[in-house]
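This is a predicted model, so every value here is computed, not measured. Order of the sequence lines fixes the chain letters, A, B, ..., with proteins taken first and strands second; residue numbering starts at 1 for each chain.
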Amino acid sequence: MTKVSMTVNGKAVSGEVEGRTLLATFLREGLGLTGTHVGCDTSQCGACVVHVNGQAIKSCTAFAADLDGAKVTTIEGMANPDGSLGTVQQAFQDHHGLQCGFCTPGMVMSAAALLAENPKPTEAEVRHHLEGNICRCTGYHNIVKAVLAASGQDVGQIAAE
Amino acid sequence: MPKDQGIGARSKRREDVRFLTGAGRYTDDINVPGQTYAAFVRSEVAHGKITKIDTSDAEKMPGVVKVFTAADFDGKGGVPCGWQIHDRQGNPMLEPKHPILAEGKVRYVGDAIACVVAETLEQARDAAEAVVVDIDELPAVMDMKAAVKGGALVHDELGSNLCYDWGFIEDNKAATDAAFETAHHVTTLELVNNRLIANPMEPRVALGHYNRAMDDYTLYTTSQNPHVIRLLMGAFVLSIPEHKLRVVAPDVGGGFGSKIFHYIEEAFVTHASRLINRPVKWTSTRSEAFLTDAHGRDHVTKIELALDKDGMFQALRTETYANMGAYLSTFAPSVPTYLHGTLMAGNYKTPHIYVNVKAVFTNTVPVDAYRGAGRPEATFQLERVIDKAAREMGIDPIELRRKNFVGADEFPYQTPVAVAYDTGNYQATMDVLEKIADLAGFEKRRADSAKKGLWRGLGVNCYIEACGIAPSNLVGQLGARAGLYESATVRVNATGGIVVMTGSHSHGQGHETAFPQVISEMIGIPESQVEIVHGDTANTPMGMGTYGSRSLAVGGSAMVKATNKIIAKAKKIAAHLLEASDGDIELKDGKFTVAGTDKSVDWGSVCLAAYVPHNYPLAELEPGLEETAFYDPSNFTYPSGAYACEVEVDPDTGKVTVCAFAAADDFGNVINPMIVEGQVHGGLAQGIGQALLEGAVYDENGQLLSGSYMDYAMPRADDVPFYTVDHSCCTPCTHNPLGVKGCGEAGAIGSPPAVVNAVIDALQRAGKTNVTHIDMPLSPSRVWAAIQG
């Protein structure tokens, strides 16, 4: 067992982990942050995406023990300080970008990372960026729309079905 | 101005807040003090005799509490099948036992042989690897047509791999065959409806908790229908009466059919928890999900359509081999039969139809309902053969369909395959499609694609589905071993707020938002005053759950019925308070008024009077305001639509790109258009996935080659376009109080033929006239090979 300390959603945390303990497991089982979901075992589905030192990563692909001292943001850290939904979260609700909600935390984290890097992405850029996040419910239509809306672009034309 | 409350409003989903902040409560998020973890030892071969299971090393490993084998389930039942089909001679289908852990034989890769329960998940997994299993391998039964001719048997005791040979309707056969004899033209098509894996993003989880002090059980499980699980597992597998068994299906991360069924893991954790007197949790890995979640589709079909010289359909005949897998999953036998054969009339007036289905056991994962369940298979073969016929006869495919549509004035329409459609307007739906898909502009777009060296094609098709499952007395006659009603309890609190306890289950459909819209409309109170409770047998009335696009049509109807009882009683209370006759009381905008006067009392005051009955007609009326209703539908509902797909085919690589997809649906009345459109979008992506990307592939030894997201191609964001969807053509259902038909499966049912029709169209227009069909998924290699001839 190794002792690991991190800052998760602005709070200092620490815990004992095995060498094989994944960051996703540490967040879920160790810290009780169950918003990060595990949807596969081959780093394909993206339900477990979190931000580590500002980068979006799949937390099922990182060992907790390797991340001593890291700054981690999970879906639980994405709302505004008053508890209201953050910009990306609000856009997902406004545009019905989620159904069952299981892929949603990873989608939001992935989308937020895209917008941090590319504040006005095109539709094609959004779709390309979200390739590593699988959603089985929405057919991606409203997710792409939500991300474009979160970037401040007019999605009125898309809305006009 | 659009409504912001009630029926028809685009109310934002209230459940989103918890899902968007990581506060959802899925089964794997639940942990119980003292909990142990289960790891299954699963068969690595498709078929074989177990000669030895040695658990001694595993038992000595750290943290191991107990290693279970079939002996620990001695005297317990197998996982039951909920639907019994009778064959052409009237004999019941062959029905093998499906044990919780393998008894003597393994029958598919993934079949559970043993299970280690340990203090931690890692310890359980480590020890599972130390269980030694010796298996004498037997030949794997994989090819359905060969399997019914002889050779190895999946179940020796059954004597055959043919589960049933079903004819529908047997009395139609002679007339159908005769119509083919005299037909002007016959179009024949042989096709495969590819095997799919539902892949909800949340893998299955089951947590069993036996409480010795209370002698009762709680099962937390990823289910679309907790009461069905309680009934099947309690009554048929573990002999636990309902009052000692609570089943909770909390937030569930998608189902698409695959979480309807009662799985062995649920029975395992429940019984194992009793044996070790500790809670037992099992969380499926995705790899395990590929190997154990019920698969979908997997039909091999020959379809023939007979036409007269004008293109009028004369008769339709099909022969289908349907894969059941190694055991009968809960509703498996109903999918290729009553959910498939009954839909073969489609939107058309075909006078004679005969459907033959041979269901076959193979050494593969059990196959059962997946989004659409039988109806996509029916739609695909029918709409593909119509397209082929149109081409052969030189008739425009849309024109051929329009000619044969059931007319708007011909409803109710009795089909030759048992069901009677209540409403529809297929010409109008097609009119909408032609407009929203801008079919008039296709030639210009085709020319633009050609400039890029790409072949553009247009595919159009229609669909009909039977939803709102289902009238209990009818399905009982057809072999269902359950009723298919739905229930609701509407509890009005003293201060006017309402809690609806529904037997329907939401796993993405947004019931928590849409159901209150209905109550809000009926009573005239804000949606925020209504809360929905679902997914727990301890606090909802017995209900059958969510599948077959039934929640609103059946569950919503139960809620309306219960609310009407509430309103009737509330009017009596209001009449008392207003000193009037209850027949004179009107309810509008949350206010009870004596008709023709300005005397009124508001909703909240009536609710308070019901619970503080100081001024109350106690001699005639009980206090309180809570009602339960069960609703059993009198018919299925029949959503229908017309879909158009445009594709570009790259002739150099065979890669198909979906450029545009338009869906014109008739869902009857719509409660929340935003949610309905979202349901269609999701269905379309699954249908496009089936047509172009997805396929569960086994090798000849029964090894699943497509056992992970590296190998099974799920549709991703850049595989699909923005869709154009429209549900403005509305012919309300005539037999449920909301006039709703259901929208959950339409997209997945209607889209695969549109995509394939479009690809064939592209190839035909490019001069590849010998290419009349390509089997799904239309991968680049298959399309490229077809282009090469």
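- Per-residue counts of heavy-atom pairs under 4.5 Å with chain B were compared for A/Asp94, A/Ile134, A/Val144; the largest is that of A/Ile134.
- A donor-acceptor pair under 3.5 Å links the side-chain atoms of A/Gln93 to the main chain of B/Arg13, judged by distance alone.
- The CG atom of A/Leu85 sits 8.5 Å away from the CG atom of B/Asp16 when rounded to the nearest 0.5 Å.
- When B/Thr283, B/Thr21, B/Leu121 are compared by the number of non-hydrogen pairs under 4.5 Å with chain A, B/Thr21 comes out ahead.
- For a residue to count as touching a neighbouring chain, one of its non-hydrogen atoms must lie under 4.5 Å from one of that chain's; by this rule B/Ile688 does not touch chain A.
- A/Leu130 approaches B/Ala717 most closely through the heavy-atom pair CB-CB, 4.0 Å.
- Counting non-hydrogen atoms of other residues, nucleotides and ligands closer than 6.0 Å to NZ of A/Lys120 gives a total above 12.
- Using a 4.5 Å cut-off between non-hydrogen atoms, the part of residues 12-28 of chain A that approaches chain B consists of A/Glu18, A/Arg20, A/Arg28.
- With a 4.5 Å cut-off on non-hydrogen atoms, A/Val126 does not touch chain B at all.
- No part of B/Phe290 comes within reach of chain A, as not one of its non-hydrogen atoms sits under 4.5 angstrom from that chain.
- Using a 4.5 Å cut-off between heavy atoms, B/Val680 does not touch chain A at all.
- Judged purely by distance below 3.5 Å, without hydrogens or angles, the side chains of A/Gln44 and B/Arg716 pair a donor atom with an acceptor atom.
- By the 4.5 Å heavy-atom criterion applied to side chains, B/Phe19 and A/Pro105 are not counted as neighbours.
- Between A/Arg136 and B/Glu694, at least one side-chain nitrogen of the basic residue sits less than 4.0 Å from a carboxylate oxygen of the acidic one, meeting the salt-bridge criterion.
- One N or O on the side chain of A/Tyr140 and one on the backbone of B/Pro715 form a donor-acceptor pair closer than 3.5 Å.
- For B/Ala198, the part lying under 4.5 angstrom from a heavy atom of chain A is the backbone only.
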Applying side-chain contact (heavy atoms from CB on, under 4.5 Å), run through A/Arg127 and B/Phe722 and close with a yes or a no.
CA-CA 11 Å; A/Arg127 289 186 185 277; B/Phe722 279 127; 3.6 Å; yes
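- Between the B/Arg286 side chain and the A/Asp41 main chain, no donor and acceptor come within less than 3.5 Å of each other.
- Here the side chains of B/Tyr709 and A/Cys45 are in contact, with some heavy-atom distance below 4.5 Å.
- Atom-to-atom distance recorded for A/Thr138:OG1 and B/His681:NE2 is 9.0 Å, nearest 0.5 angstrom.
- Contacts between B/Met201 and chain A at a heavy-atom distance below 4.5 Å involve backbone atoms as well as side-chain atoms.
- Between A/Gln99 and B/Gln679 there is a side-chain heavy-atom pair separated by less than 4.5 Å.
- Note that the SG atom of A/Cys137 and the CD atom of B/Gln686 stand 8.0 Å from one another [nearest 0.5 Å].
- Remark: side-chain polar atoms of A/His141 are paired, donor with acceptor, to backbone N or O of B/Tyr723 under 3.5 angstrom.
- For the set B/Gly682, B/Gly255, B/Ser708, B/Ala23, the count of heavy-atom pairs under 4.5 angstrom toward chain A peaks at B/Gly682.
- In terms of heavy-atom pairs under 4.5 angstrom with chain A, the leader among B/Asn31, B/Ile675, B/Val17 is B/Ile675.
- The neighbour count for A/Glu117 CD, taken as heavy atoms of other residues, nucleotides or ligands under 6.0 Å away, does not exceed 12.
- The contact between A/His37 and chain B is made entirely by side chain atoms (from C-beta outward), counting heavy-atom distances below 4.5 Å.
- Taking both residues in full, the closest heavy atoms of A/Cys100 and B/Gly254 are given as CB-N, 3.3 Å, listed atom of the first, atom of the second, then distance.
- Listed options A/Met78, A/Glu123, A/His128 were ranked by heavy-atom pairs under 4.5 angstrom with chain B; first place goes to A/Glu123.
- Interatomic distance, CG of B/Leu20 versus CD of A/Gln89, reported as 6.0 Å (0.5 Å rounding).
- Residue B/Gln509: no heavy atom, backbone or side chain, is found under 4.5 Å from chain A.
- Looking at B/Tyr26, its side chain does come within 3.5 Å of a backbone N or O of A/Gly101 through a donor-acceptor pair.
- You'll find the side chain of A/Leu98 stays beyond 4.5 Å of the side chain of B/Glu15, heavy atoms only.
- Between atom CD of residue A/Glu29 and atom CG of residue B/Asp28 there is a gap of 6.5 Å, rounded to the nearest 0.5 Å.
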